[in-house]
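The structure appears right after this line, and notes come after that.
Since the model is a prediction, treat every value here as computed from it, not as a measurement. Every chain is numbered from 1 and lettered A, B, ... according to where its sequence line falls, protein lines coming before strand lines.
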Amino acid sequence: MSSSKTLIRTLIQNPTRIKSKSQAKQLHAQFIRTQSLSHTSASIVISIYTNLKLLHEALLLFKTLESPPVLAWKSVIRCFTDQSLFSRALASFVEMRASGRCPDHNVFPSVLKSCTMMMDLRLGESVHGCIVRLGMDCDLYTGNALMNMYAKLLGMGSKISVGKVFDEMPQRMSRLGSCCVATESVEPVMNCDEDLEAETCTMPLGIDSVRKVFEVIPRKDVVSYNTIIAGYAQSGMYEDALRLVREMGTTDIKPDAFTLSSVLPIFSEYVDVIKGKEIHGYAIRKGIDADVYIGSSLVDMYAKSARIEDSERVFSHLARRDSISWNSLVAGYVQNGRYNEALRLFRQMVTTKVRPGPVAFSSVIPACAHLATLRLGKQLHGYVLRGGFGSNIFISSSLVDMYSKCGNINAARKIFDRMNVHDEVSWTAIIMGYALHGHGHEAVSLFEEMKEQGVKPNKVAFVAVLTACSHVGLVDEAWGYFNSMTKVYGLNQELEHYAAVADLLGRAGKLEEAYDFISKMRVEPTGSVWSTLLSSCSVHKNLELAEKVSEKIFSIDSENMGAYVLMCNMYASNGRWKEMAKLRLKMRKKGLRKKPACSWIELKNKTHGFVSGDRSHPNMDRINEFLKPVMEQMEKEGYVADTSGVLHDVDEEHKRELLFGHSERLAVAFGIINTEPGTTIRVTKNIRICRDCHVAIKFISKITEREIIVRDNSRFHHFNRGSCSCLDYW
DNA sequence: GTAGGGTTAG
């Protein structure tokens, strides 16, 4: 008997000597056998259980206590937090306070973490009050946890309104990590005060609180610095973040992997690859360059600096890759326009058994949008739904965009309508979708609806609405929107907005006005702004202005292929063969070659490409066999080949043949002969659809009774029953 | 008690 009492005493004095579940249970049994299980000893056993993460055993014993001591409460609360049972941790804390027990500094870090994960700012603040009253705000761990809470719950976004903090809760939730899912009650306690409704602060709300806590902590450690640096970095206060990193250099606290991976995104944002490389070098010297966090930050930093090869190299040297490392490179490919590689890597990621999370989908779906591959886009959509990410606002916005860019505006609208909340990005995606499909009026009314619902349009939204106006010729409306940017929304017009207005004026035939507008822009016009006017000059057959405009283009960009081709076309259609020849000679001297026009169509899991005039396609005979009678029928119905756009200096008969071989016509024909009657044909083209093909496809849609959708590089054309959705305004 | 990747844009 006495020997077992000695044993108990030794174990109680050194509880860490108990390393296994069976040892803990033996100790518990000894207490029961010797009838010495007091409140204090029970608390010690509970703390031993919780240290071994034996929540169930701890709770069984805990429930037998009538008035549990602080040690028992603390252990249970910490264990709940460790197991991601945040709401139960908080409930226990509240209960402990109600029972009159006074918390000590050991319990606050867990409680604050639970408040953070539950996004319960109200409770967190009252805990803070309690901490101050107990004079525990000097405690290092408590202070660090407090800073983290304020940074997470108040510190996101550079300018944030209090009302918005609460609106964004579902998104913030996903950002806090997947462990939220493990709690029993995901519903955050939201006590939104009326007076907190929509006050916009110019400074992120939380960072001020973070700084106050930081200043109170008397002795700071590397975690304190990392927490406040991350807070500044994520609030867009980059200079303050970097200032603190430098300040660390004056102490004996040295930047570690956490510090670096908070700082690297700043240099991504600044596109400062020199500083980024310095950090990379520091990481190598410290021997932490293989860290997964640093690795993905480096991949991202190099990708954002257009050095995707360096991203690939960092990625290939990573010892371990998690889903974020993979996704950083997938996203990097997308950001650099390497869409096929993005899709390839995404596939590789999946075959490597790394489960793509929500972020991976919102990175890769835009690749489908750019490639206009409805087939892959639909597959990803299915994958998204199976993964349970259907209500993620980032993913939904990218799906809206994907469906509209792949030609299915109705599917885009359906997804948009099913979203619970719309932010400026999702609104912009659907508005741009209608704009590209030529439904300018619908786009404009959606823009108005967005404003009515209190969502402030950003600069991209203005690009979308101006594009919508431009595609249907809403000149007055466009001016209104253009001017409201500065007057109502405090947004500066940027190149894209000027370009959209210039495009609008040009399309509307107000060529001189467009010329003046571009000449007086407050931003230096680029070659592409002038190029849109040049194509308007071509559409409205104004050769004189076109020559002026092309000179402007060549003075900015002497190798602008599009301008050469358009000018050649215009000279050709005016019979000015000499000028055309001169221009072509210039092109040849510069070694410029015309980008081949090509079109592609997806059929049965395969993409079929057609290059203008290329007769090598294995189905060429069948295509011609199909086109011949259709062309004859077209001519009976009044089709006359418009050969004015044909560049080549050849006779009329030959020109007709050349038009015959245009890539979009081949792709449409191929689609029709390889699908069931009535199937919609979707064709994508790399440059603007040709004028004659536009007429021809209208006839083809009528004769074959097919809906034909052609996406060129600027918009969609829906051909149906002999007419096009653009109503020939393009 | 701390860190990394994401949606809309001629």
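Judged by distance alone with a 3.5 Å cut-off, a donor-acceptor contact links the side chain of A:S528 to the base of B:dG10. For B:dT7, its base never sits under 3.5 Å from the side chain of A:S362 at any donor and acceptor pair. Counting atom types as modelled, A:S261 pairs a side-chain N or O with a base atom of B:dA3 as donor and acceptor under 3.5 Å. Counting distance only, with no hydrogens placed and no angle test, the side-chain atoms of A:N713 and the base atoms of B:dG10 include no donor-acceptor pair under 3.5 Å.
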Margin query: Run the side-chain contact (heavy atoms from CB on, under 4.5 Å) test on A:F267 and A:L242 for me, step by step, so that the C-alpha distance in whole Å, both residues' side-chain angles and the decisive distance to 0.1 Å come before the verdict.
Written below: CA-CA 10 Å; A:F267 300 127; A:L242 296 174; 3.8 Å; yes
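Under the 3.5 Å distance criterion, with hydrogens and angles disregarded, no donor-acceptor pair is assigned to the side chains of A:R688 and A:S714. No donor-acceptor contact under 3.5 angstrom links the side chains of A:D401 and A:S398, judged on distance only.
No option in A:Y434, A:W427, A:F462 other than A:F462 meets the ring-ring contact (aromatic ring centres under 6.0 Å, His included) test with A:F447.
Looking at residues 324-332 of chain A, you'll see A:I324, A:S325, A:N327, A:S328, A:A331 sit with a heavy atom under 4.0 Å from some atom of DNA chain B. Residues of residues 296-308 of chain A that place a heavy atom closer than 4.0 Å to DNA chain B, in numerical order, are A:S296, A:S297, A:D300, A:K304.
More than 12 heavy atoms of other residues, nucleotides or ligands shown are found within 6.0 angstrom of CD on A:E448.
Taking A:D322 as the reference, nothing meets the salt bridge (charged side-chain N to carboxylate O under 4.0 Å, His left out) condition, with sequence neighbours excluded.
Applying the 4.0 Å criterion to OP1 and OP2 of B:dA3, one finds that A:K152 has a side-chain N or O inside that range. An OP1 or OP2 oxygen of B:dT2 is reached within less than 4.0 angstrom by a side-chain nitrogen or oxygen of A:N148.
A:Y150 and A:H128 have tilted rings, their planes meeting at an angle from 30° to 60° on a 0 to 90° scale.
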